[in-house]
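Taking it in order: structure first as structure tokens, then the write-up.
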Amino acid sequence: MSTVEDTIHGEEGATRRDFLHIAATGFGAVGAAVAVWPFIHQMNPAADTLALASVEVDISQIPVGEAVLVKWRGKPVFIRHRTAAEIADARAVDVASLPDKQTDQERVLEGKDEWLVLTGICTHLGCVPLGTKSGDEKGEYGGWFCPCHGSHYDTSGRIRKGPAPRNLEVPEYAFLSDTVMRIG
């Protein structure tokens, strides 16, 4: 026969045991997290990599009709200050005739049509197309030409001829002022 006192002590004993199990499990979980954290944290990008996550470019020194090549995240980026004729040529293209259908307006920021920013990596096999430096072959469409396999890009960076399956990529970019652009 159990008495009221046995019942109270029995429940109290179970309560203490439950508390000890919960506390031990909690301390074990916290200990495991503390032990695993350095391994998880080492997978984060290094500070020097994060510093390259974006790059600011002074575009005031790029004359109309010229282009520059900058490095961003270890990749070449083409920045072209397009002429009115280059913009008109890019907009006159029948989008239905393109392998990768994009209008020129989709590839530039609204109100800044004269600035074209592209990742300078051919979408065929990862070569760097010509067309940024003065004297470079610009291809049949006045944009960029990849001599490795003959891909021709227009003045909007769209593939027009050759084996490349897609247009040159447009990275994320923004204008911080009229003379400074941030890529990334």
Side-chain angles (χ1 to χ4, degrees), residues 45-184:
D48 60 339
T49 304
L50 289 175
L52 295 175
S54 66
V55 63
E56 291 182 10
V57 180
D58 178 8
I59 56 174
S60 65
Q61 302 301 314
I62 307 171
V64 175
E66 297 293 320
V68 296
L69 184 144
V70 297
K71 290 281 188 177
W72 170 65
R73 294 184 181 171
K75 299 177 189 175
V77 174
F78 302 149
I79 302 172
R80 181 177 268 181
H81 194 175
R82 301 188 302 171
T83 64
E86 288 175 329
I87 296 168
D89 287 347
R91 299 216 167 149
V93 173
D94 178 20
V95 177
S97 69
L98 299 173
D100 187 4
K101 296 163 182 26
Q102 271 189 316
T103 64
D104 182 64
Q105 292 88 332
E106 293 174 284
R107 301 181 57 75
V108 295
L109 294 181
E110 187 175 337
K112 297 286 188 176
D113 302 344
E114 69 275 13
W115 293 104
L116 180 66
V117 181
L118 303 167
T119 302
I121 299 174
C122 181
T123 58
H124 180 234
L125 291 176
C127 307
V128 178
L130 302 175
T132 303
K133 297 176 185 167
S134 101
D136 274 358
E137 169 67 38
K138 295 183 189 283
E140 293 179 22
Y141 301 93
W144 289 267
F145 173 67
C146 185
C148 301
H149 300 100
S151 293
H152 296 257
Y153 297 92
D154 67 8
T155 57
S156 189
R158 299 174 295 196
I159 184 64
R160 298 291 296 276
K161 180 179 177 184
R166 294 179 319 280
N167 300 329
L168 293 175
E169 292 181 27
V170 177
E172 182 181 326
Y173 69 99
F175 288 89
L176 302 179
S177 70
D178 288 340
T179 60
V180 178
M181 171 189 298
R182 181 180 60 227
I183 302 169

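- Exactly one of R91, K138, R80 qualifies for a salt bridge (charged side-chain N to carboxylate O under 4.0 Å, His left out) with E86. That residue is R80.
- The aromatic rings of H124 and H149 lie perpendicular to each other, with more than 60° between the two planes, well past the 30° mark.
- Residues V64 and E114 form no side-chain contact, since every pair of their non-hydrogen atoms from C-beta on lies 4.5 Å or further apart.
- Between K101 and D94 there is no salt bridge, since none of the side-chain N atoms of the basic residue sits less than 4.0 Å from a carboxylate O of the acidic one.
- Looking only at side-chain heavy atoms (C-beta outward), P165 and P99 stay at 4.5 Å or farther from each other.
- At distances below 3.5 Å, not a single donor-acceptor pair connects side-chain atoms of D104 with backbone N or O atoms of S156.
- For F145, the ring-ring contact (aromatic ring centres under 6.0 Å, His included) partners two or more places apart in sequence, or in a different chain, are H152.
- The shortest heavy-atom contact between T132 and L69 is CG2-N, 3.8 Å.
- A donor-acceptor pair under 3.5 Å links the side-chain atoms of R158 to the main chain of Q102, judged by distance alone.
- The shortest distance between side-chain heavy atoms of I183 and V57 falls below 4.5 Å.
- V70 places a side-chain heavy atom less than 4.5 Å from the side chain of I79.
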Could you check R182 against E56 for side-chain contact (heavy atoms from CB on, under 4.5 Å), going step by step and ending with a plain yes or no? CA-CA 4 Å; R182 181 180 60 227; E56 291 182 10; 4.3 Å; yes

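- With hydrogens and angles ignored, the 3.5 Å screen pairs no side-chain donor or acceptor of R166 with any backbone N or O of D100.
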